[in-house]
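Here is the structure we will look at.
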Amino acid sequence: MVKPKPVRIAVFPVAGLGTRFLPATKAVPKEMLTVVDKPVVQYAVEEAREAGIEQFVFVTGRGKHIIEDHFDHAYELESQLEGRGKKAELASLLESLPKSGSVFFTRQQKPLGLGHAVWCARHLVGDQPFAVLLPDDLMVGKRGALAQMMDVYNEIGGGVVVAAEEKPKSELHRYGVFATGRTNGKAIEVTGMVEKPKPAQAPSCLTAIGRYIIQPEIFAELDRKDKGAGGEIQLTDSLARLIGKMPFHAAMTDCVRFDCGDKVGFLHANLAVGLSRADIAPGLREALRKTSG
Ligand code: G1P
């Protein structure tokens, strides 16, 4: 088998308004809300780096400039930390910074849907495979979700790989849902894909979650700007048109997904990540005992 082209660039759609989190998101982008002590978007960037991504494209919108600041040096802060001997804090700040010249920002000028957001990155991505990470989907596991998907991508010889998860029938209308063929380990052949189907039209209970490895041929499909579910230009619809033209698989990972675009999901993520951290777990457990008791 020919080794597929490596995936070195990732797109992070971060233009959403975050209306579900108002008033918190009035002046602060929802992607900057923190899970324990890190903004949600940073988890996605770290996951991408772990998977070998070297270039990071953010598709932003109005009021999102602090995301740019977050992924840049903060000279005053850094020199103050240095002056006060706060070596660990300084090291962690510097360690999380992507390399100079590897971060790109472009704007989605109108909220026309996820497909449109990805299309806005077309000139930055160019003619190479790329990953898309939706930061709202926080993936927690020993090995990152995208890294696990890269394994699948390399084993099956490239094409499209979308992270997948089984959901109960009552929730399928909120997701992209796959029609499936043969299963090969963690990879499931995809024969169809539909965005936010009505319960009777859902082809299976296997849903797409916000991690994708995509080939550049998608941009010609997105160029059509066809509107789909909810009147939006859906990524799912363009992905579906690639089925049959290249290998196309859904991939199960062993990560736990938290929907940080939802209040309960976001709080759940904070608790789960907090309880997994040795520095926080004992105090958090005690606080929870007092609260629920
Ligand atoms: C998007 C995608 C959908 C996918 C979901 C995963 O939907 O369009 O196919 O299942 O992310 O989180 P959204 O959550 O933006 O409505």
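Note: hydrogens, waters and symmetry copies are ignored here, and every other heavy atom, side chains too, is used. Just follow the structure's listing: the first ligand is 1, and inside any ligand the first atom is 1.
In this structure, Asp69 places its CG atom where more than 12 heavy-atom neighbours from other residues, nucleotides or ligands lie under 6.0 Å away. For Arg277, the CZ atom counts as densely surrounded, since its 6.0 Å shell holds more than 12 non-hydrogen atoms of other residues, nucleotides or ligands. Heavy atoms of other residues, nucleotides or ligands lying less than 6.0 angstrom from CD of Glu82 number 12 at most.
Of the candidates Glu195, Glu232, Arg211, Lys167, it is Glu195 that places a heavy atom closest to atom 9 (O) of ligand 1.
Heavy-atom separations between Thr207 and ligand 1 are all 4.0 Å or longer. For the ligand labelled ligand 1, residue Arg257 lies inside the 4.0 Å heavy-atom shell. Not a single heavy atom of Leu235 sits closer than 4.0 Å to an atom of ligand 1. Proximity of Tyr212 to ligand 1 is established by a heavy-atom distance of less than 4.0 Å.
Atoms of ligand 1 found under 4.0 Å from any heavy atom of Thr236, numbered from 1 in the order shown, are 9 (O). In summary, the atoms of ligand 1 found under 4.0 Å from a heavy atom of Gly176, numbered by their order in the structure, are 3 (C), 4 (C), 9 (O), 10 (O). When each atom of ligand 1 is checked for a heavy atom of Asp137 under 4.0 Å away, the hits are 6 (C), 12 (O).
The protein reaches atom 12 (O) of ligand 1 closely, with a heavy atom under 4.0 angstrom from it.
A side-chain N or O of Gln42 and one of His70 form a donor-acceptor pair less than 3.5 Å apart. With hydrogens and angles left out, the side-chain atoms of Glu195 and Thr236 include a donor and acceptor closer than 3.5 Å. There is no side-chain donor-acceptor pair under 3.5 Å between Asn184 and Glu189.
Nearest protein heavy-atom contact of atom 1 (C) of ligand 1 is Leu134 CD1, 4.0 Å.
At least one N or O atom of Lys196, backbone or side chain, sits closer than 3.5 Å to an N or O atom of ligand 1. Geometrically, ligand 1 and Arg174 share no nitrogen or oxygen pair separated by less than 3.5 Å. When only interatomic distances are considered, the shortest N/O to N/O separation between Leu114 and ligand 1 does not fall below 3.5 Å. By the 3.5 Å distance cut-off applied to N or O atoms, Ala208 is counted among the residues near ligand 1.
Considering CD of Glu171 and CD of Glu165, their distance stands at 9.0 Å, rounded to 0.5 Å. If you take CD1 on Ile214 and CZ on Phe130, they are separated by 4.5 Å, rounding to the nearest 0.5 Å.
A centroid separation of less than 6.0 Å is found between the aromatic rings of Phe58 and Phe71.
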